[in-house]
Amino acid sequence: QVQLVESGGGVVQAGGSLRLSCAASGLLFSRYIMAWFRQAPGKEREFVAAMAWRDSRTAYADSVKGRFGISRDNAKKMVYLQMTSLKPEDTAVYYCAGDQREWNSVIVPTTRAYSYWGQGTQVTVSS
């Protein structure tokens with residue numbers, strides 16, 4: 001069975017940094033695209049970043065380009081989201097997602113592209 005478990009959320013001051021982790025199990029990792037999404041209260045869940053496990057191709061939302069980085073550890077079966085220069089508008093519940101998916105720049109940033117989701121971890125950026 002596929003399980004995704006996020007951790008690393010917390011409260012940080014604007015301009016600070018935080019690293020989120022996603023522990024993945026039950027996946028055929030070489031065939032998967034992993035992604036991070038976030039959802040603020042009253043807003044739609046939005047794409048943050050994605051990575052193809054096979055070749056480490058990445059994609060980022062315009063709002064986080066240059067500030068966030070997605071990465072993986074093959075041995076630990078872990079996906080990370082390194083967040084820097086955090087802004088109050090980054091405040092949200094962050095979700096790890098994954099699925100078998102051909103890389104497609106149109107599909108990858110959409111929630112429907114992913115069958116498996118973690119429970120979310122809260123990130124709060126104070127001003």
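For clarity, every value in this text was computed on a predicted model and none was experimentally measured.
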request  = Could you check if a side-chain atom of Thr124 sits within less than 4.5 angstrom of a side-chain atom of Val12, using non-hydrogen atoms only?
outcome  =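 Sidechains of Val12 and Thr124: no contact.
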
query = Linking I/L/V/M/F/W/Y whenever their side-chain heavy atoms sit closer than 4.5 Å, directly or via other members, would Tyr32 and Val79 fall into one cluster?
reply =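 As far as the 4.5 Å side-chain criterion goes, Val79 and Tyr32 are connected within one cluster.
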
task = Kindly state each residue pair satisfying salt bridge (charged side-chain N to carboxylate O under 4.0 Å, His left out) with at least one member in residues 48-66, sequence neighbours excluded.
result =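 Counting only pairs at least two positions apart or across chains, the salt bridge (charged side-chain N to carboxylate O under 4.0 Å, His left out) contacts touching residues 48-66 are Asp62-Lys65.
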
inquiry  = With salt bridge (charged side-chain N to carboxylate O under 4.0 Å, His left out) as the rule and sequence neighbours excluded, what pairs involving residues 6-25 come up?
reply    =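 Listed by first then second residue: nothing to list.
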
ask   = Which residue pairs pass the side-chain hydrogen bond (donor to acceptor under 3.5 Å, both in side chains) test with at least one member in residues 77-88, sequence neighbours excluded?
value =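 Found none.
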
task = Flag the pair Val125 / Glu89 as yes when at least one side-chain heavy-atom distance between them is below 4.5 Å, and no otherwise.
result =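 No; the side chains remain at least 4.5 Å from each other.
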
Heavy-atom pair of closest approach, residues Leu20 and Trp36 =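 Shortest heavy-atom separation between Leu20 and Trp36 comes out as CB-CH2, 3.7 Å.
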
task = Would you indicate whether the side-chain heavy atoms of Gln13 and Leu86 approach each other to under 4.5 Å?
result =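 No. Closest side-chain heavy atoms not under 4.5 Å.
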
From CD1 (Ile33) to CE (Met51), nearest 0.5 Å =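 Interatomic distance, Ile33 CD1 to Met51 CE, rounded to 0.5 Å: 10.0 Å.
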
request  = Applying side-chain contact (heavy atoms from CB on, under 4.5 Å), run through Leu81 and Phe68 and close with a yes or a no.
outcome  = CA-CA 7 Å; Leu81 183 68; Phe68 290 11; 4.2 Å; yes

task = Side-chain contact test, heavy atoms from C-beta onward, threshold under 4.5 Å: evaluate it for Arg38 versus Val93 and give yes or no.
result =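 Arg38 vs Val93: side chains apart.
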
message = Using 0.5 Å steps for rounding, measure from the OG1 atom of Thr111 to the CD atom of Gln39.
response =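 Answer rounded to 0.5 Å: 9.5 Å.
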
request  = Determine, step by step, whether Tyr114 and Phe37 satisfy the ring pair (Phe, Tyr, Trp, His ring centres under 6.0 Å) criterion, reporting the C-alpha distance in whole Å, the side-chain angles of both residues, the deciding distance to 0.1 Å, and the verdict.
outcome  = CA-CA 11 Å; Tyr114 305 94; Phe37 287 77; 5.5 Å; yes

Residue pairs passing the disulfide bond (SG atoms under 2.5 Å apart) test where at least one lies in residues 16-127, sequence neighbours excluded =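 Checked against disulfide bond (SG atoms under 2.5 Å apart) - neighbours excluded - the pairs reaching residues 16-127 are Cys22-Cys96.
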
ask   = Mind checking whether Val5 and Gln119 have side chains closer than 4.5 Å, heavy atoms only?
value =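 In short, these two side chains touch, coming nearer than 4.5 Å.
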
message = Under 4.5 Å side-chain heavy-atom separation, chaining through any Ile, Leu, Val, Met, Phe, Trp or Tyr, what else clusters with Val11? Say none if it is isolated.
response =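 Val11 clusters with nothing; isolated.
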
request  = Grab the two heavy atoms, one from Ala59 and one from Trp103, that are nearest each other, plus how far apart they are.
outcome  =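 That would be CB-CZ2, 3.7 Å.
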
query = So, do Val48 and Tyr60 sit near enough that their side-chain heavy atoms are less than 4.5 Å apart?
reply =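 Sidechains of Tyr60 and Val48: no contact.
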
task = Indicate the atoms forming the closest heavy-atom contact of Leu4 with Ala24, along with that distance.
result =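 Closest heavy-atom pair between Leu4 and Ala24: CD2-CB, 3.6 Å.
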
query = Do Trp117 and Arg45 touch side chain to side chain, with heavy atoms closer than 4.5 Å?
reply =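 Side-chain contact under 4.5 Å: yes.
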
task = Locate the shortest heavy-atom distance separating Ala40 from Ala92; write the atom from each residue and the value.
result =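 Looking at all heavy atoms of both residues, the closest pair is N-CB, 3.8 Å.
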
key: Shortest non-hydrogen separation from Tyr95 to Gly118 and the atoms involved   =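 Where Tyr95 meets Gly118 most closely, the heavy atoms are CD2-O, 3.6 Å.
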
inquiry  = Check for me whether Arg72 meets the cation-pi criterion with Trp53, that is, NZ or CZ under 6.0 Å from the six-membered ring centre and within 45 degrees of the ring axis.
reply    =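 Because its charged atom sits under 6.0 Å from the ring centre and within 45° of the axis, Arg72 does stack over Trp53.
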
request  = With sequence neighbours excluded, give me every disulfide bond (SG atoms under 2.5 Å apart) pair touching residues 37-89.
outcome  =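 Every pair satisfying disulfide bond (SG atoms under 2.5 Å apart) with a residue in residues 37-89: there are none.
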
ask   = Going by heavy atoms in the side chains, are Val123 and Leu18 under 4.5 Å from each other?
value =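 Val123 vs Leu18: side chains touch.
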
ask   = Judged by atom type as modelled, is there a donor-acceptor pair below 3.5 Å linking the side chain of Asp99 to the main-chain atoms of Ser115?
value =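 Pair found, side chain donor or acceptor close to backbone of Ser115.
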
ask   = Nearest 0.5 Å, what's the CG-OG distance between Asp73 and Ser21?
value =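 Separation between the atoms: 10.0 Å.
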
